[in-house]
Amino acid sequence: MKTVIVAGIGGLALGHIVWLLGISLARGWSTTNALVLTAAALVFLSAAGIGYLAWQRYQRKELVWAAFLGAMPVLPVIFTLVVLGVTYL
């Protein structure tokens with residue numbers, strides 16, 4: 001059970017790091033609004049794909065991979081929603 005928890009925390013950390021890299025690249029361009037929308041779309045599509053992979057791993061009883069993959073898109077989706085709210089509201 002400890003390995004599942006560690007895998008979940010690792011997925012959260014990796015997802016956060018990847019999101020930080022992506023949003024930093026998007027903020028560095030002059031057309032920030034268009035890139036924020038593009039980055040948001042990529043985050044949501046990636047989250048759906050990774051969520052599907054996590055579900056497949058869970059069905060195969062590969063709980064460590066399921067926890068890692070399932071936790072990876074959580075923070076990027078939350079932070080992307082926050083950025084979209086701040087940018088467009």
Side-chain angles (χ1 to χ4, degrees):
M1 188 63 169
K2 289 181 186 178
T3 56
V4 174
I5 293 170
V6 170
I9 292 170
L12 286 172
L14 183 63
H16 182 65
I17 291 168
V18 170
W19 183 84
L20 284 174
L21 290 173
I23 206 69
S24 295
L25 289 174
R27 289 186 63 214
W29 293 79
S30 60
T31 57
T32 303
N33 287 341
L35 285 177
V36 165
L37 286 176
T38 304
L42 286 174
V43 165
F44 293 134
L45 289 174
S46 299
I50 292 172
Y52 178 71
L53 288 175
W55 179 252
Q56 284 182 334
R57 299 293 181 179
Y58 178 76
Q59 292 294 321
R60 293 181 196 155
K61 304 295 185 212
E62 298 174 7
L63 298 181
V64 173
W65 277 107
F68 180 77
L69 291 171
M72 194 183 315
V74 171
L75 290 178
V77 167
I78 292 171
F79 292 148
T80 300
L81 289 173
V82 169
V83 167
L84 287 174
V86 167
T87 303
Y88 295 107
L89 291 180

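Both backbone and side-chain heavy atoms feed into the values below; hydrogens, waters and symmetry mates do not.
Sorted by first and then second residue, the side-chain hydrogen bond (donor to acceptor under 3.5 Å, both in side chains) pairs involving residues 71-85 (not counting sequence neighbours) are W19-T80.
Other residues, nucleotides and ligands contribute over 12 non-hydrogen atoms within 6.0 Å of the CZ atom of F79.
For Y52, the ring pair (Phe, Tyr, Trp, His ring centres under 6.0 Å) test picks out no residue, with sequence neighbours left out. The side chain to side chain donor-acceptor pair (under 3.5 Å) search around S46 returns none, not counting sequence neighbours. Residues forming a side chain to side chain donor-acceptor pair (under 3.5 Å) with W65 (at least two apart in sequence, or on another chain): none. With sequence neighbours left out, the side-chain contact (heavy atoms from CB on, under 4.5 Å) criterion links V18 to L14.
Atom CZ in R57 sits 7.0 Å away from atom CG in L53 (nearest 0.5 Å). The structure places CG of L37 at 6.5 Å from CG of L84, a figure rounded to the nearest 0.5 Å. Going from atom CD1 of I78 over to atom NE2 of H16 covers 11.5 Å, rounded to the nearest 0.5 Å.
Cluster annotation: I50 is not connected to Y58 through the hydrophobic network of ILVMFWY side chains, with a link wherever side-chain heavy atoms come within less than 4.5 Å. When hydrophobic clusters are built by joining Ile, Leu, Val, Met, Phe, Trp and Tyr residues whose side-chain heavy atoms come closer than 4.5 Å, directly or via intermediates, Y88 is grouped together with L81.
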Mind listing the side-chain donor-acceptor pairs of residues 66-74 below 3.5 Å, one per line with the distance, residues two or more places apart or on another chain?
none

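Of the candidates L42, V43, L20, P76 forms a side chain to side chain contact (heavy atoms under 4.5 Å, CB included) with just one, namely V43.
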